[in-house]
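For reference, the structure discussed in these notes is given below.
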Amino acid sequence: MPNPKGHEDSIKDSRFKAAWQSGPTRTIRVPIALANATLDYARQLDNKQSQSRDTADSHSSSALDNKQSQSRDTADSHSSSALDSKQSQSRDTSGSIEELKRLKGECKRLQSLVSDLRIELYHRRRPEIELPDAADLLNRLKAKRKKSAATLADIEAILEMIEG
C-alpha cells in the first residue's frame with residue numbers, strides 16, 4: 001500500500017541538513033594521528049568559505065553601480081584567502097613533513113633493533129644440548145615401557161629431527 005503522505009512536498013522539512021557549507025562530502029582515509037587536525041583544518045576552511053559566501057551575498061544585494069566593483073573585491077579577497085590558506089598550509093605541513101621523516105627513520109632503526117634482538121633471543125633459547133646415544137635412549141624406554149614397539153631406527157630418526 002503506497003504512503004499517501006510520501007510526496008516530495010511533505011518530506012522537504014524533514015530532510016537531513018548538511019553540516020558542511022561547502023557542498024557534498026565523501027569519506028577519506030587519514031592516519032589516526034592526523035585525523036583530528038585534518039578535521040579541524042577542514043572545518044576552518046569550510047567556515048572561511050561560508051563566510052566568503054555570506055559576504056558575497058551581502059555584496060550582491062547592494063546597488064547596481066557598486067555591484068561590479070564589489071564582485072571584483074570579493075573575487076580578489078577569495079583568491080587572496082585561497083593563497084593565504086595555501087601558504088599557511090605549506091608552513092604547517094613543512095614541519096609535519098620533517099617530523100614524519102624523523103619518525104620514519106626512528107621506526108626503521110627500531111625495526112632493525114627488534115630484528116637483531118629476535119635473532120639473539122633465538123640463539124639464546126637453543127643452547128647446544130648433549131643428546132644421549134640412540135641405544136641408551138632405547139634402553140631407558142624399554143626399562144620404563146617394556147611393551148614399547150619403538151625400534152632403534154625410530155629413536156635415531158627422532159634424534160635427527162631434534163638436532164636438525
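Quantities reported herein were computed from a predicted structural model and do not represent experimental measurements. One-based numbering along the sequence shown.
Criterion: ILVMFWY side-chain heavy atoms under 4.5 Å apart, direct or through other members. Under it, Met161 and Leu159 are part of a common hydrophobic cluster.
Atom CG of Leu110 is separated from atom CD of Glu106 by 4.5 Å, given to the nearest 0.5 angstrom. Considering CZ of Arg102 and CD1 of Ile97, their distance stands at 15.0 Å, rounded to 0.5 Å. Interatomic distance, CG of Asp133 versus CD1 of Ile155, reported as 12.0 Å (0.5 Å rounding). Between Trp20 atom CH2 and Leu45 atom CG the span is 9.0 Å, to the nearest 0.5 Å. Taking CG from Leu131 and CG from Leu137, the interatomic distance works out to 8.0 Å, rounded to the nearest 0.5 Å. Considering CG of Leu113 and CD of Gln111, their distance stands at 11.0 Å, rounded to 0.5 Å.
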Please report, to 0.1 Å, the donor-acceptor pairs under 3.5 Å made by any side chain of residues 141-149, with sequence neighbours excluded.
from   : atom 1 : to     : atom 2 : distance (Å)
Lys142 : NZ     : Ser148 : O      : 2.7
Ser148 : OG     : Ala150 : N      : 3.4

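Legend: residues meeting side chain to side chain contact (heavy atoms under 4.5 Å, CB included) with Asn139, ordered by chain and number and at least two apart, are absent.
The shortest distance between side-chain heavy atoms of Ile158 and Ile162 falls below 4.5 Å.
No side-chain donor-acceptor contact under 3.5 Å links Asn47 to the backbone of Gln44.
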